[in-house]
Amino acid sequence: MNFYDQVYAVVRCIPSGKVTSYGRIARMLGRPRAARAVGYALNALKDHHQDPNFEPVPWHRVINAAGRISTVNRELTANRQADLLRDEGVSVNEDLTLHLERYLWAGLSLMEIENILREIRD
DNA sequence: ACAGTGACAACAT
DNA sequence: TATGTTGCCACTG
């Protein structure tokens, strides 16, 4: 069972106008210390850009635990991420921070997670 | 098999 | 408050 695909499945559940953090996604998947790997999974999305069968992932709705858009190694795309969020009604400050509690996604219940993971493995 | 690599996060100064 | 340090772990060559 591929951790990346699990991450993508969860991120696809984040509704427009909401955000969550790398660490929260890791915890939802039962890997509380895999936050870093979540970021790595999102970075790997560029490998799918050509694949027409790949369901899009709203990667821009994932930010860090401090309520800030990550800029590590992606100074260029961080600003694009901010614009994508603004298009969804999220108020992103000039310094790429936002009011996390205000836009935080409630997340998935244990049962919902199980259903999602069940659909992935085949 | 194994060492290197991060879109993290919690701590320590 | 703001940096720096350290533990982390899935994935890759």
Side-chain angles (χ1 to χ4, degrees):
Chain A
M1 164 150 320
N2 192 347
F3 181 72
Y4 281 17
D5 289 334
Q6 294 180 26
V7 171
Y8 302 154
V10 171
V11 175
R12 287 190 183 106
C13 295
I14 308 174
S16 174
K18 292 292 182 180
V19 301
T20 191
S21 67
Y22 304 93
R24 282 181 167 85
I25 291 171
R27 290 196 291 273
M28 279 181 226
L29 289 171
R31 324 297 287 264
R33 289 156 300 201
R36 230 179 158 180
V38 171
Y40 201 15
L42 295 185
N43 182 57
L45 281 172
K46 59 184 185 309
D47 298 338
H48 297 281
H49 274 192
Q50 305 294 353
D51 186 356
N53 294 357
F54 189 76
E55 192 72 17
V57 175
W59 52 269
H60 57 283
R61 296 171 190 156
V62 184
I63 64 177
N64 66 30
R68 186 162 195 248
I69 293 173
S70 174
T71 58
V72 179
N73 285 334
R74 52 197 293 275
E75 286 77 11
L76 302 145
T77 52
N79 282 303
R80 188 163 100 77
Q81 179 172 1
D83 287 334
L84 287 170
L85 287 173
R86 292 182 182 117
D87 287 345
E88 298 181 348
V90 177
S91 179
V92 183
N93 301 317
E94 197 61 29
D95 64 356
L96 300 182
T97 63
L98 59 84
H99 197 281
L100 181 55
E101 292 187 0
R102 180 170 168 180
Y103 298 106
L104 183 63
W105 174 45
L108 298 172
S109 69
L110 280 175
M111 199 176 69
E112 289 170 319
I113 288 284
E114 288 180 5
N115 288 336
I116 285 172
L117 297 187
R118 182 156 35 240
E119 289 177 15
I120 288 181
R121 58 160 180 262
D122 48 15

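Chain letters run A, B, ... following the sequence lines, proteins first and then strands; every chain starts at 1.
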Quick one, A/H48 and A/V57 - any side-chain contact, counting heavy atoms below 4.5 Å?
no

Distance, rounded to the nearest Å, where A/Q6 contributes CD and C/dC11 contributes C1':
14 Å

In whole angstrom, what separates A/L98's CG from B/dA7's P?
20 Å

Classify the side-chain pair A/R31/A/Q6 by whether it contains a donor and acceptor separated by less than 3.5 Å.
no

Does A/R31 have a side-chain nitrogen or oxygen under 4.0 Å from the phosphate oxygens OP1 or OP2 of C/dA10?
yes

Between A/N2 and C/dC11, is there a side-chain N or O to OP1/OP2 distance below 4.0 Å?
yes

Using a cut-off of strictly less than 4.0 Å between a heavy atom of the residue and any atom of DNA chain B, enumerate the qualifying residues of residues 74-87 of chain A by number.
A/R74

Of all the nucleotides listed (B/dA7, B/dA9, C/dC9), which has the minimum atom distance to the side chain of A/S70?
B/dA7

Hits for side chain to side chain contact (heavy atoms under 4.5 Å, CB included) against A/L84, two or more places apart or cross-chain, chain-then-number order -> A/W59, A/H60, A/R80

Whole-Å distance, A/N73 CG to B/dC8 C1', equals 13 Å

Would you mind reading off the distance between A/L45 atom CG and B/dG6 atom C1', rounded to a whole angstrom?
15 Å

Report the nucleotide, chosen from B/dA9, B/dG6, C/dA10, that has the shortest atom-to-atom distance to any side-chain atom of A/F3.
C/dA10

With a cut-off of under 6.0 Å to the ring centre and 45° to the axis, is A/R12 in cation-pi contact with A/F54?
yes

Between P of C/dA10 and CD1 of A/I25, the distance in whole Å
15 Å

Name the nucleic acid region contacted by A/N43, choosing base, sugar-phosphate or nothing; use a 4.0 angstrom heavy-atom cut-off, strictly under.
base

Between A/T71 and B/dA7, does any side-chain N or O lie under 4.0 Å from OP1 or OP2?
no

Is there a donor-acceptor pair closer than 3.5 Å between any side-chain N or O of A/N93 and the backbone N or O of A/D95?
no

Between B/dA10, C/dC9, C/dA10, which one does the side chain of A/R33 approach most closely?
C/dC9

Rounded interatomic separation in angstrom, taking CD1 from A/I69 and P from B/dA7
15 Å

Determine: side-chain N/O of A/R36 to OP1/OP2 of C/dC8, distance under 4.0 Å, yes or no.
no

Between C1' of C/dA10 and CG of A/D47, the distance in whole Å
14 Å

Whole Å only: how far is the CG atom of A/D5 from the C1' atom of C/dA10?
13 Å

The side chain to side chain contact (heavy atoms under 4.5 Å, CB included) partners of A/L100 (sequence neighbours excluded) come to A/V19, A/R24, A/I63, A/L104

Grouping I, L, V, M, F, W and Y whenever their side-chain heavy atoms are under 4.5 Å apart, do A/Y8 and A/L108 come out in a common cluster?
yes

Indicate, yes or no, whether a donor-acceptor pair under 3.5 Å links the base of B/dA7 to the side chain of A/Y22.
yes

